[in-house]
Amino acid sequence: MTAATAPPRILVLSDLNPPDIMEQFCASHAITRDIEARDGIEIVLTSGTRGLTCDEIDALPDLRLIAVNGVGTDAVDLGAASARNIAVTTTPDVLSGAVAELALGLALSVRRRIGEGERLVRSGAWGGGQKARLGRSLIGARSGILGYGRIGRALADMLRALGLEVLYYARAPDQNATDAYRANPVTLARDCDVLFVTLAATPETHHIVGPDVLDALGPEGTLVNVARGSVVDSAALATALHGGTLGAAALDVFETEPATPGGPEDALLRAPNTLFTPHIASATYEARRAMAQLVIANIDAFIAGAPLPSKVALS
């Protein structure tokens with residue numbers, strides 16, 4: 001095969017799951033994992049959390065496609081990509097149900113103190129006479145969704161199926177929405193018992209959940225974040241939980257990942273009435289397989305010169 005007809009080189013910065021899909025992808029494409037092997041790399045496969053920086057984009061003179069395995073683009077320098085007319089693709093829709101499902105599970109678990117109860121059993125404390133504390137029911141609670149995109153709407157469907165009233169905030173009201181709109185995050189938090197955060201991380205949404213929103217949610221309220229850590233002010237959240245001005249929090253994402261005891265998130269990890277998972281909202285076999293297939297579909301469409309199935313609109 002001549003250089004003119006050689007397949008595009010793909011820089012892999014993040015593996016696809018399940019492993020069999022990644023093996024098939026590697027076997028059928030010209031890949032490298034060496035970010036220093038710059039010349040001739042036309043495609044970068046990355047994740048939503050790994051992304052691709054401006055410096056990395058500048059160092060890849062032949063780059064024409066950034067294929068993100070995920071929906072978040074906050075770790076990709078979209079301005080640098082747009083300036084060079086580099087296409088960016090993500091994997092929307094196929095993970096919405098999985099993320100919404102985990103958000104619902106986190107809310108149920110933290111309000112009913114399932115994690116605390118499980119630890120009582122495993123530690124032997126239950127057998128020693130220690131009793132579990134009372135939780136709060138999710139059924140009958142008013143739920144607020146901060147970010148009414150694909151994931152937020154999927155979550156709203158699940159919550160309504162359980163009989164919950166759903167409120168939401170987005171940049172503009174959705175005229176076709178079944179749920180009630182609130183004009184700002186503070187009002188949304190004030191009017192709900194459980195606040196679900198599902199919006200995208202952008203400069204405008206950085207720390208959108210801060211002291212004012214947490215105060216409005218109140219000492220009986222619950223915060224659930226399955227979006228990005230940067231949209232919640234971790235220090236303010238830790239202060240509210242330790243001080244009892246917020247009832248509970250369940251997080252799948254953190255400002256600093258991985259969150260570790262003694263690290264930047266230490267105060268949060270030590271806070272009472274909390275439940276944490278390690279950024280696993282889309283981590284189901286079904287969702288990850290569908291995501292991988294969509295990543296490959298975007299890459300193969302690009303190689304074939306066909307329209308990209310899930311191209312991000314760049315300004």
Side-chain angles (χ1 to χ4, degrees), residues 49 95 97-146 151 154-155 158-159 162 164 189 192-198 209 213-214 217-229 231-285 287-288:
T49 52
L95 54 69
V99 177
E101 179 182 64
L102 184 73
L104 178 58
L106 288 173
L108 282 165
S109 295
V110 75
R111 285 180 70 83
R112 291 300 309 273
R113 300 183 182 274
I114 291 174
E116 291 182 24
E118 198 260 359
R119 288 189 291 275
L120 280 179
V121 175
R122 287 189 181 275
S123 68
W126 185 36
Q130 186 173 339
K131 296 185 181 298
R133 293 183 292 172
L134 294 178
R136 293 185 180 277
S137 179
L138 182 63
I139 305 302
R142 295 181 95 193
S143 57
I145 298 178
L146 184 57
I151 294 170
L155 176 58
M158 294 179 185
L159 294 168
L162 291 174
L164 274 69
C192 71
D193 303 300
V194 185
L195 180 62
F196 295 92
V197 184
T198 61
V209 177
V213 172
L214 298 172
L217 192 51
E220 296 183 1
T222 301
L223 177 74
V224 178
N225 186 10
V226 292
R228 281 286 193 267
V231 303
V232 174
D233 183 336
S234 284
L237 177 57
T239 297
L241 289 164
H242 283 289
T245 57
L246 179 69
L251 309 177
D252 184 52
V253 290
F254 300 83
E255 286 201 73
T256 302
E257 294 185 356
T260 56
E265 306 288 358
D266 183 69
L268 190 54
L269 296 181
R270 291 186 291 102
N273 302 334
T274 52
L275 179 68
F276 305 119
T277 49
H279 206 143
I280 58 170
S282 67
T284 67
Y285 285 104
R288 290 291 173 87

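Just the heavy atoms: all of them, side chains too, but no hydrogens, waters or symmetry mates, feed the values below.
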Original post:
Rounded to the nearest 0.5 Å, how far apart are CG of Leu223 and CG of Leu195?
Top reply: 5.5 Å

**OP:** Mind checking side chain to side chain donor-acceptor pair (under 3.5 Å) for Arg122 and listing every partner two or more places apart, or none if nothing turns up?
**Re:** Glu118

Original post:
Mind checking whether Leu108 and Leu104 have side chains closer than 4.5 Å, heavy atoms only?
Top reply: yes

Original post:
What do you reckon, is CD1 of Ile139 surrounded by more than 12 foreign heavy atoms closer than 6.0 Å?
Top reply: yes

Original post:
Which residues pass the salt bridge (charged side-chain N to carboxylate O under 4.0 Å, His left out) test with Arg270, sequence neighbours left out?
Top reply: Asp266

Original post:
Under the 3.5 angstrom rule, does the side chain of Glu265 hit a backbone N or O of Thr256 as a donor-acceptor pair?
Top reply: yes

Original post:
Considering residues at least two apart in sequence or located in another chain, which fulfil the salt bridge (charged side-chain N to carboxylate O under 4.0 Å, His left out) criterion with Glu220?
Top reply: Arg136

Original post:
Can you name the nearest heavy-atom pair linking Pro219 to Gly244, along with the distance?
Top reply: CB-O, 3.4 Å

Original post:
What are the two closest heavy atoms between Ser123 and Leu120, and how far apart are they?
Top reply: OG-O, 3.3 Å

Original post:
What residues form a side chain to side chain donor-acceptor pair (under 3.5 Å) with Glu255, not counting sequence neighbours?
Top reply: His207, Ser234

Original post:
How far does CD of Gln130 sit from CD of Glu116, to the nearest 0.5 angstrom?
Top reply: 9.5 Å

**OP:** Report the distance from atom CZ of Arg228 to atom OG1 of Thr49, rounding to the nearest 0.5 Å.
**Re:** 6.5 Å

Subject >> Counterpart residues, side chain to side chain donor-acceptor pair (under 3.5 Å), relative to Asn273 (two or more places apart) >> reply: Arg113, Arg133

Original post:
Can you name the residues that form a side-chain contact (heavy atoms from CB on, under 4.5 Å) with Ala281, not counting sequence neighbours?
Top reply: Val99, Leu102, Asp252

**OP:** Could you tell me which residues satisfy side chain to side chain donor-acceptor pair (under 3.5 Å) with Ser282, sequence neighbours excluded, listed by chain and number?
**Re:** Arg288

Original post:
Heavy atoms, side chains only, cut-off 4.5 Å: are Leu164 and Val194 in contact?
Top reply: no

Subject >> Close side-chain approach of Ile151 and Leu95, heavy atoms under 4.5 Å >> reply: yes

Original post:
Quick one: does Leu268's side chain get under 4.5 Å of Leu237's, heavy atoms only?
Top reply: yes

Original post:
Quick one: side-chain contact (heavy atoms from CB on, under 4.5 Å) partners of Ala250, sequence neighbours excluded?
Top reply: Leu106, Val110, Val224, Leu275

Original post:
What pairs with Arg111 under salt bridge (charged side-chain N to carboxylate O under 4.0 Å, His left out), at least two apart in sequence or on another chain?
Top reply: none

**OP:** For Asn225, check side-chain contact (heavy atoms from CB on, under 4.5 Å) against everything at least two apart and list the hits.
**Re:** Val197, Ala227, Val231, Val232, Leu251, Val253

Subject >> Verdict with reasoning, Thr222 to Asp193, per side chain to side chain contact (heavy atoms under 4.5 Å, CB included) >> reply: CA-CA 6 Å; Thr222 301; Asp193 303 300; over 6 Å; no

**OP:** Applying salt bridge (charged side-chain N to carboxylate O under 4.0 Å, His left out), name anything that partners Arg112, two or more places apart in sequence or on another chain.
**Re:** none

Subject >> Pairs satisfying ring-ring contact (aromatic ring centres under 6.0 Å, His included), at least one member in residues 233-272, at least two apart >> reply: Phe254-Phe276

**OP:** Could you tell me the separation between the CD1 atom of Ile145 and the CG atom of Leu155, rounded to the nearest 0.5 Å?
**Re:** 4.0 Å

